[in-house]
Amino acid sequence: MRTHFCGELRKNHIGQPVMVCGWVDSCRDLGGIIFLDIRDIQGVLQVVVDPELKEIFQIAQQLKNEFVIQVSGEIRARIRDQTNPHLSTGEVELYAQALSILNESAVPPFQLDEHFNVNEDLRLRYRYLDLRRPQMQQRLIVRSQVISLIRSFMEDNGFLEIETPTLTRSTPEGARDYLVPSRTYPGTFFALPQSPQIFKQLLMMSGLDRYYQIARCYRDEDLRHDRQPEFTQLDVEASFIEENDVLDLTERLLCNVFKRQLNVTLEKFPRLDYDSALRRYGTDKPDLRNPLELIDIDEIVQQSEFNVFAEAANDDTNRVAVLRVPACIDRFTRKQLDQMVEFVQKHGAKGLAYIKVNDAKNGRAGLQSSILKFLSDNELQLLLQQTTAQTGDILFIGAGLSETVSHFMGVLRNHVAHELDILEDEFRACWITDWPMFERTEDGSMAPMHHPFTRPKCGQRQFTDSPFTTKAFAYDVVINGYELGGGSLRIHDTDMQQAVFDVLGIGQEAQVKFGFLLDALRLGCPPHGGIALGIDRLIMLMTNTESIRDVIAFPKTTKASCLVTRAPTAADPSQLRDLGVFVRQDS
RNA sequence: GGAGCGGUAGUUCAGCUGGUUAGAACGCUAGCCUGUCACGCUAGAGGCCGCGGGUUCGAAUCCCGUCCGCUCCGCCA
């Protein structure tokens, strides 16, 4: 139906006869002459319709935006000074010699112009129109190209793409499952996978050595700007490897993809252990574009008369941390500082002290703060030294439970950097390693930080003696503050696996749920490990967009519904009967 | 589960402390226009002010509830 794409026509096509198809992007009917912009996936091309050609001129007069048309004619140079630098095809135009309407269009429910913002619910409802916009198409193109780069990289490195079931049983990631009722076994349910975790481990036991998959994963939890209920992971697992092999492979993959897709050279990923990440950045996913760091001052205020600080400083489970924000005294009003206090309170802080450094060389007299009177000259002096505070800085100080302080000071660190616009304009990746095996849950029990198949960084005896201080062979890769992916080396030994289940208090339950895995461990399981990367988040980063919905063709809303199809919907009673499912009317 | 913001013409928005006939821009319709490119000019049509209740002489505006969208907390690798 066509000889060229609209968007590919250039000066070197001048004089050539072409035939193109596309959508009417705009019509400019000047009365005696008509200009059409015709759009396809490669771009926009101006068509000129000459009034001398009466037949096609009449057709052109009927055209409206979003009509689907076919035009043939000759590519001509534009008249001098009438090129359009905003179009890739702006130096040429198509002189129409034939024009046909392939399909008409009703008036679209919103304007596709780049100049008009449209509310997202409308865009989601008419997603197919929204996706006609070049910016949206570009994101999906990048997505396709990146996935293709990933596939060739993995293939080049000897990995096999193997599909795993999506109708499966619950795996232990800890999120809520999407359930699918079984018709053949009434009252039982499949779970959609939160990840292919168990299957990829089984593939290692199968001797397939190196596996990867672009896998769809499902988690029935509340949504965020970077979280969808179904999302895509690059899932990877390999045998006879050590932690460094996984980190190295992943790093090479990401460098390769960024280089080839964006021509961006990523620097070597720094490796931070979990504890120091929390200490220095207050988070397990630090944004290293942000130059600010937290500084511990427990030692300085241990004897302090200021009880809030002293008590925290003398308690192992607490910390007193300072965020020194350079040269910002004139950047924040009193009101903004008060709002910052409110802001961290939302994140669990009881309070937030701050000290303005009006003159760093003038001791107490050079400082301004509501807590000044509680601190000794010596403490202030040490504080200034320890934080290398300079005139014009503000020192924000948080004290309390380590976990809480790290969290809100980390959030404050991000907040301040955004306010001051001091993030470096580049991609900064890092590894977070040496995660704890377990974390304490609200009810006081222990839960695996990663998942219960993660290998501890010690022998079984030591693990059993002090399981809660054990670190794991677990690692996350973080870029610009986004957790892009994570993985671990897995347990390949039945006794160790049983020991972990026992510590979790699910020894019996695990026998039932994961008996098949324990069996497999007994039958010659190689040491293995892997990682999974969030493809959606990767594409978000690479296309510089703020919303995961922008990189998914048909995303769900924050209430997890699809506005195109209106899913989910009520099921037909006969379907429910077949499945043995009753729907409670009161819910 | 909780908090915040938003919902007014086809679209994006304005409409303040309640008060004549709810406005603008774009889009749409009709007419004019031979080098435009977010074409231009003239005229016109277009409104369950998300939905339900309440307060009031009177509600787009105030109150309560509810639905939807977005952001955040909780939740979630």
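All values reported here derive from a predicted model rather than from experimental measurement. Chain letters run A, B, ... following the sequence lines, proteins first, then strands; residues in each count from 1.
A:Arg127 forms no cation-pi arrangement with A:Phe554, by the criterion of a distance under 6.0 Å to the ring centre and an angle within 45° of the ring axis. Geometrically, A:Arg537 does not engage A:Tyr482 in a cation-pi contact defined by less than 6.0 Å to the ring centre and at most 45° from the axis.
Rounded to whole Å, the C1' atom of B:rG58 lies 7 Å from the corresponding atom of B:rG19. Comparing the C1' positions of B:rG40 and B:rC33 gives a spacing of 8 Å, expressed to the nearest Å. B:rA30 and B:rG35 are spaced 23 Å apart, taking the P atom of each and rounding to whole Å. Here the separation of B:rC13 from B:rG6, taken at their C1' atoms, is 12 Å to the nearest Å.
Using a 5.5 Å limit on the distance between ring centres and a 30° limit on the angle between planes, the aromatic ring of A:Phe110 does not count as stacked on the six-membered base ring of B:rU11.
Closest approach to the A:Leu124 side chain among B:rC73, B:rC70, B:rU11 is made by B:rC70 (side chain taken as heavy atoms from C-beta onward).
At a cut-off of 3.5 angstrom, the base of B:rC75 holds no donor-acceptor pair with the side chain of A:Arg219. No N or O donor and acceptor, one from the side chain of A:Gln111 and one from the base of B:rU12, sit under 3.5 Å apart.
Residue A:His451 places none of its side-chain N or O atoms closer than 4.0 Å to OP1 or OP2 of B:rA77. Taking 4.0 angstrom as the limit, A:Arg549 places a side-chain polar atom (N or O) nearer than this to OP1 or OP2 of B:rU71.
Residue contacts for A:Asp222: at a heavy-atom cut-off of 4.0 Å it reaches a base atom on one of the strands shown. The residue A:Ile34 sits apart from the nucleic acid: no heavy atom pair falls under 4.0 Å.
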